[in-house]
Amino acid sequence: MEKVRIGIVGVGTISELHLNAYRNNAKAAISAVCDLNAERARATAARYGASRVFTDYNEMFASGAVDAVSICTWNNMHEPIAVAALKAGVDVLLEKPLSTTVEEALRIQEAVAASGRKLMVGYVRRYDGNAQLVKQFADNGEFGGFYYAHASSLRRIGNPGGWFADKSRSGGGPVIDIGVHVIDLCWYLMGKPKVKSISANTYSRLGSRSNVRRLSSYRAADYEASRNTVEDMANAMIRFENGASLLLEASFTLHAKENQTTIRLHGDKGGVEIDPRLVLTTEKHDTILNALPQTDHPGFHLESAFQNEIDHFVDCVLNDREPLSPVSDGVEMMRILCGVYESADKGEEIRF
């Protein structure tokens with residue numbers, strides 16, 4: 001295989017990041033586009049030079065036109081499309097979250113095992129250059145053992161509406177949409193410890209806040225202000241079997257002065273702040289030092305992280321390598337995400 005023939009299922013906003021990165025990869029060829037909206041699929045195919053257009057993903061997989069696929073659809077469609085692709089012998093890059101339930105996640109994992117194909121979960125923050133720098137430092141013992149992390153992803157008027165605000169399609173609100181990114185990155189850098197318990201709260205007080213003027217925010221293509229069945233905000237304390245803990249905050253809408261993403265990890269030899277700016281903290285000769293690594297981007301850089309993610313996926317397909325974010329990690333993350341919602345619904349701590 002000289003080039004990986006790529007298919008895209010779902011050509012909404014996130015697919016543009018995939019498509020642009022595939023176009024920049026000399027070992028990938030965008031071969032087919034699939035979307036329920038035929039006009040949108042044809043327009044995207046024309047823009048990226050894809051020769052085949054489909055409105056049924058099963059037809060695309062059966063056509064033999066693709067070796068690998070990026071799935072960029074509503075969350076509730078991740079499981080059936082991924083399973084269909086794997087059964088057809090197609091490798092999969094699946095946008096986060098892996099699914100909407102643990103049961104769906106396990107079915108995907110079973111399909112990966114049965115097919116022998118690859119499935120990589122789109123945890124794009126793992127592929128950011130700064131995150132990989134921190135992982136290298138952590139693996140070399142610079143921070144000691146991480147025992148506490150704080151992950152905060154707060155939007156003040158960031159409910160995208162549309163399918164994002166429809167729990168039947170999304171599986172939830174800010175926890176499963178943006179919280180998953182910061183939870184996963186902390187968990188990955190902490191060494192992927194097993195979860196022991198979760199205590200969480202969710203709040204639905206503000207709704208879509210479509211009345212707000214003079215401030216713009218991202219809206220889904222199918223935005224509808226009156227429909228909103230997901231939480232506004234959530235917080236959680238996640239405890240791990242090794243004694244470490246992670247504090248989460250995530251919101252689509254909140255009475256706050258600004259949007260804010262904060263990712264901090266603390267170890268017994270040092271600490272690191274990844275967002276909003278990469279800073280390493282340590283102690284040398286009885287002196288506390290804050291170090292600013294000299295990198296191309298002081299904070300998270302979306303475009304380069306997506307390019308790294310796509311390049312890695314293409315390399316895994318071509319060279320039969322295991323992905324950095326495998327299906328097993330996706331299953332464990334779904335246990336955490338669903339655990340947050342279960343704890344909040346029950347109003348009590350849950351144990352694993």
Side-chain angles (χ1 to χ4, degrees), residues 10 12-17 72-78 95-101 122-125 150-187 198-238 246-263 275-276 299-300 302 333-334 336-345 347:
T13 304
I14 199 68
S15 69
E16 293 289 321
L17 289 160
C72 305
T73 61
W74 304 334
N75 297 344
N76 68 321
M77 291 303 297
H78 285 186
E95 259 300 331
K96 60 76 199 168
L98 180 64
S99 58
T100 60
T101 67
Y123 296 137
V124 69
R125 277 187 167 267
H150 179 205
S152 178
S153 185
L154 301 176
R155 294 178 183 170
R156 52 180 176 168
I157 52 162
N159 187 327
W163 73 266
F164 290 93
D166 177 5
K167 190 173 182 177
S168 67
R169 289 182 286 171
S170 65
V175 171
I176 204 168
D177 182 46
I178 56 177
V180 60
H181 280 303
V182 294
I183 299 170
D184 175 73
L185 182 57
C186 288
W187 179 69
I198 297 177
S199 181
N201 303 282
T202 58
Y203 301 95
S204 299
R205 305 288 180 88
L206 304 179
S208 66
R209 296 182 79 191
S210 59
N211 62 296
V212 173
R213 298 184 296 163
R214 302 179 185 90
L215 280 175
S216 60
S217 62
Y218 166 71
R219 291 185 174 185
D222 60 340
Y223 181 83
E224 182 184 346
S226 61
R227 184 171 180 81
N228 183 64
T229 57
V230 300
E231 76 277 7
D232 299 339
M233 187 268 178
N235 57 50
M237 174 59 79
I238 303 165
L246 165 61
L247 179 63
L248 167 71
E249 300 173 302
S251 72
F252 271 168
T253 184
L254 190 70
H255 286 305
K257 69 173 184 177
E258 60 188 2
N259 296 336
Q260 185 179 54
T261 300
T262 303
I263 300 173
D275 271 338
F300 175 63
L302 182 66
M333 193 50 47
M334 285 312 304
I336 293 174
L337 297 172
C338 292
V340 170
Y341 286 126
E342 182 184 350
S343 172
D345 287 344

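A donor-acceptor pair is defined here as one N or O able to donate and one able to accept, closer than 3.5 Å; such a pair exists between the side chain of Ser15 and the backbone of Gly12. Side-chain atoms of Asn159 never come within 3.5 Å of backbone atoms of Thr253 as a donor-acceptor pair (strictly under, hydrogens ignored). Under a 3.5 Å cut-off, the side chain of Ser217 and the backbone N or O of Ile157 do form a donor-acceptor pair. For the pair Arg227 (side chain) and Gly162 (backbone), a donor-acceptor distance under 3.5 Å is absent. The backbone N or O of Gly207 lies less than 3.5 Å from a partner atom in the side chain of Asp232, making a donor-acceptor pair. A donor-acceptor pair under 3.5 Å is absent between the side-chain atoms of Ser99 and the main chain of Asn75, judged by distance alone. Using a distance-only test at 3.5 Å, with no hydrogens or angles considered, no donor-acceptor pair links the side chain of Thr100 to the main chain of Gly171.
Residue Asp345 holds its CG atom at 8.0 Å from CD of Glu342, rounded to the nearest 0.5 Å. From Cys186, atom SG reaches atom CG of Leu246 across 5.5 Å, with rounding to the nearest 0.5 Å. Between Ser152 atom OG and Leu248 atom CG the span is 8.0 Å, to the nearest 0.5 Å. Atom CZ of Arg209 sits about 4.5 Å away from atom NE2 of His255, to the nearest 0.5 Å. With rounding to the nearest 0.5 Å, the separation of NE2 in His78 from OG1 in Thr73 is 4.0 Å.
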Q.
Let's go through Val124 and Phe300 carefully: what are the C-alpha distance in whole Å and the side-chain angles of both, what is the deciding distance for side-chain contact (heavy atoms from CB on, under 4.5 Å) to 0.1 Å, and is it a yes or a no?
A. CA-CA 10 Å; Val124 69; Phe300 175 63; 4.2 Å; yes
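For residues 167-185, the side chain to side chain donor-acceptor pair (under 3.5 Å) pairs, not counting sequence neighbours, are Lys96-Asp177, Arg126-Asp184, Asp166-Ser168, Asp166-Arg169, Arg169-Asp222.
With contacts defined as side-chain heavy-atom distances shorter than 4.5 Å, the pair Ser343/Met237 does not qualify. Using a 4.5 Å heavy-atom threshold, the side chains of Ser251 and Tyr203 count as separate.
With sequence neighbours left out, Thr13 forms a side chain to side chain contact (heavy atoms under 4.5 Å, CB included) with Tyr218. Legend: residues meeting side chain to side chain contact (heavy atoms under 4.5 Å, CB included) with Ser204, ordered by chain and number and at least two apart, are Glu231.
When every heavy atom of Ser210 is checked against every heavy atom of Tyr223, the shortest pair comes out as CB-OH, 3.2 Å.
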